[in-house]
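Remember, it's a predicted structure, so these values are computed and weren't measured experimentally. Counting from 1, the numbers follow the sequence of the chain as shown.
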Amino acid sequence: MTLVEPLRAFGRTDLALAGGKGANLGELVRAGFPVPDGFVVTTAAYDPAAETVPEELRERIAGAYRELGGGPVAVRSSATAEDLPGAAFAGQQDTYLNIVGEPDLIDAVRRCWASLRTERAVAYRHRLGIGEDEVRIAVVVQRMVEAETAGVMFTADPVSGARDRIVVDAGAGLGEAVVSGLVTPDHYVLDTSGRVRERTRGRREVVIRGTAGGGLTRQAGDTGAGLLLPDDALTELARLGTEVARHFGRPQDIEWARAHGRTWLVQARPMTALPPPPIRLGPAQRKLGSILLEYIPYRPYPMDMSTWVPYGPAGLMAKVTEYYGIGSAFDGFLPEVDGVVDRLVPPSPHPTPGILRTPFRLARMARRHDPARWTEDPRFTAFLAAVRELEEVDLAALPWAELVRVPRRALHLVRPIADLRISYLPRTGLAMLRLLVALKLRGRGALLGDLLMGAPTRTQDTNRALESLAALVRENPELKDALAAERVAEFPEFHTAFQDFLREYGHRETASPILVTSPTWGESPGTVLDLVRLLVSEPRGGHPAEPSLGPRFDPLVRAARAGLAFREDSHFYFTKPLPLLRRSLLEIGRRLHDAGVLAEPEEVFHLRLEELEGVEDVDRLPGERLRQIVRDRSARRAELAGVRLIDPKLVFPSRATGDALVSGAPAGGGTATGPVAIIREPADFGKLAAGDVLVCPYTNPSWTPLFQRAAAVVVDSGGIASHAAIVAREYGIPAVMGTADGTSVLAHGQTVTVDGDAGLVTSGDS
């Protein structure tokens, strides 16, 4: 059994035996990097129950120590789950510096073992979903570098994500002062050639050094000293960092030390929580980005990426635009790294040779397909029939082989909707254009939005149904109290009406129409009840009066409204298969949970559909492989929890605002003053009171009832043609779109004034 081996015996594939730190350091030694010599007490030697180190192991450790020449060593924990992509475990296990003599070395090894079971380490592993029986620990012992200067180097900018920048923090003495945060270090930003872009002198609060007989001492720093690192040392660090990152194939977090003019690398691990590389967007990308930010409120899961993202609205519009000669409209906009979406990159659409046929196709479709009659199309009636058929399937009764085919059946249901949009959107666009031209000729172009407000849509039907539920509550004070206490089941009339509402409208999304992992209204009835509670309060006011331009305009207005209704209602019906898809995936997740593969059924979203389809029999599962996939992807998502998919300011560039708190695209509606209500997700709906200024990161049609009570709306994403802007104009309230940071700059309860004509939000207290 391999108990103690030299560092050079290990490489990056030896994680199970040497732990993350030992495997990475051994890889660096093998590749010829300057790493202090040392050895590894492997995981095979680890005994979680040991209070003392066995005699045989003591002898092997002592022998390896003597081969190093004795003297001071650094003793570092090296767990099998640390220093990995998505799981740095920084500071979770112990390190002991300047250990001298065999007895102290043996004791340091024992204490490293014990650090695997500390409360902080257990809590960290629990957050990452790593079971206690799945992790073991090795110990790395290296010659101590009596550093004159030491610190940390990142081979990419940890703040901006720029891969062409190297960031170095340096302190006097041992690197422990920098790593533990005891000192404000000298800070350097370099390019990959070592050229200094920025230098900032640290405060030198403390210096940690080794003592002659072992152990450490703290001393006050030399506050009068100049910068610690000369240019040649920075150039060498940049070279080493660049080569290490290239060797491992990803940006690295490296601990280094300098002594007697030589640089040593004492640790290397992948950088975690690293933002995606900065990108520059063109006008078309910014436009698409403003749309996509509304559709993607959180990082998609692997199941999203293998189901509803390619088949949902994004996939639908990709098919439509491709048919009409525009390519790459939605290609590759959510790239994945290690199986998890890394960032959002708005695509760059471009014309294809097919665009030469587009005028003829548009004319043919506009002539043949009237949006006012789209629900009579046999493709639509067949779609509804297929949805009803799948709704009647008892998923719990299906054998595994049939169950895993249901998600694909649900995805195939949506195909006709793309064809319907190809057919009916041309006359929709033509009707809008005719009305706009007619209005422009009379100098009334600004009335287009007001004239379209009367379009009868399923969204309006939804809102009227919600108002009917609210009316039942207003008429019965006891029901109002029951609604506040979530006891509505005690009132049969309301309960029946509420269940009817969920049957008709429960397929609507709560957060995103292109992600299967967010629940629908039917699965989240509390969201609907929050909307009813909001609507029970006195109405803010009715719709603005519709302008009248005479009977000659009526046919143009009717045609444009029919087109708008088609666009809205086709989306409404498009999401009909969404709850079917979710139910089938969660049933699969339940069976995997019952088989011991998943801790919770919802963990199925960490898998891809094709990975599920590859499992032939739930009773003969590749359980460990699936568990490892879920664990790794879950850890990667946890690592990226604080990293945005894209900087909103790339999509919505900042502009001069004077004394405004935030600014964005003016979406009309005049001005209004009121307290801010930060609504980040449907679970926050209950926080909005009548007369509040709704401030949110995004909206979708299911948020429409909020606009009936809000005094104004301010949205991080979206433009003047977005859902929020259209609905705000419909209700005659000010709207400011694409602020990028309204939800982070404004505070809940803060009084502000929203100018929807200028796109500005100012303090309302002055």
Residues [X] and [Y] bridged, charged N to O under 4.0 Å:
{"X": "Asp594", "Y": "Arg591", "answer": "no"}
{"X": "Arg30", "Y": "Glu27", "answer": "no"}
{"X": "Glu336", "Y": "Arg608", "answer": "yes"}
{"X": "Asp253", "Y": "Arg269", "answer": "yes"}

### Task
Among Arg299, Arg636, Arg644, find the one that has a salt bridge (Lys or Arg N to Asp or Glu O under 4.0 Å) with Asp342.
Arg636
### Message
Under the criterion ring pair (Phe, Tyr, Trp, His ring centres under 6.0 Å), I'd like the reasoning laid out for His507 against Phe572: C-alpha separation, chi angles, the key distance, then a yes or no.
### Response
CA-CA 9 Å; His507 65 282; Phe572 174 88; 4.6 Å; yes
What's the shortest heavy-atom distance between [X] and [Y], and which atoms?
{"X": "Ala18", "Y": "Ser78", "value": "O-OG, 2.7 Å"}
{"X": "Leu598", "Y": "Gly589", "value": "CD1-O, 3.8 Å"}
{"X": "Trp521", "Y": "Leu502", "value": "O-CD2, 4.0 Å"}
{"X": "Ala418", "Y": "Lys319", "value": "CB-CD, 3.6 Å"}

### Message
More than 12 heavy atoms of other residues, nucleotides or ligands under 6.0 Å from CZ of Arg567: yes or no?
### Response
no
### Task
Return yes when atom CZ of Arg408 has more than 12 non-hydrogen atoms of other residues, nucleotides or ligands closer than 6.0 Å, and no otherwise.
yes
### Query
Under 6.0 Å between the ring centres of Phe380 and Trp374?
yes
Determine whether [X] and [Y] make a side-chain contact, defined as any pair of heavy atoms from C-beta on separated by less than 4.5 Å.
{"X": "Glu322", "Y": "Phe330", "result": "no"}
{"X": "Thr358", "Y": "Arg361", "result": "no"}
{"X": "Val414", "Y": "Trp308", "result": "yes"}
{"X": "Met305", "Y": "Tyr301", "result": "no"}
{"X": "Ile296", "Y": "Leu645", "result": "yes"}
{"X": "Glu391", "Y": "Leu580", "result": "yes"}
{"X": "Arg582", "Y": "Glu523", "result": "yes"}
{"X": "Tyr698", "Y": "Tyr295", "result": "no"}

### Task
Please assess Val341 against Leu640 for the test side chain to side chain contact (heavy atoms under 4.5 Å, CB included), listing each intermediate value before the final yes or no.
CA-CA 10 Å; Val341 169; Leu640 296 173; over 6 Å; no
### Message
Distance check, rounded to the nearest 0.5 Å: Arg620 atom CZ versus Trp400 atom CH2?
### Response
13.0 Å
### Query
Would you say the side-chain atoms of Asp632 pair up with the backbone N or O of Ile629, donor to acceptor, closer than 3.5 Å?
no
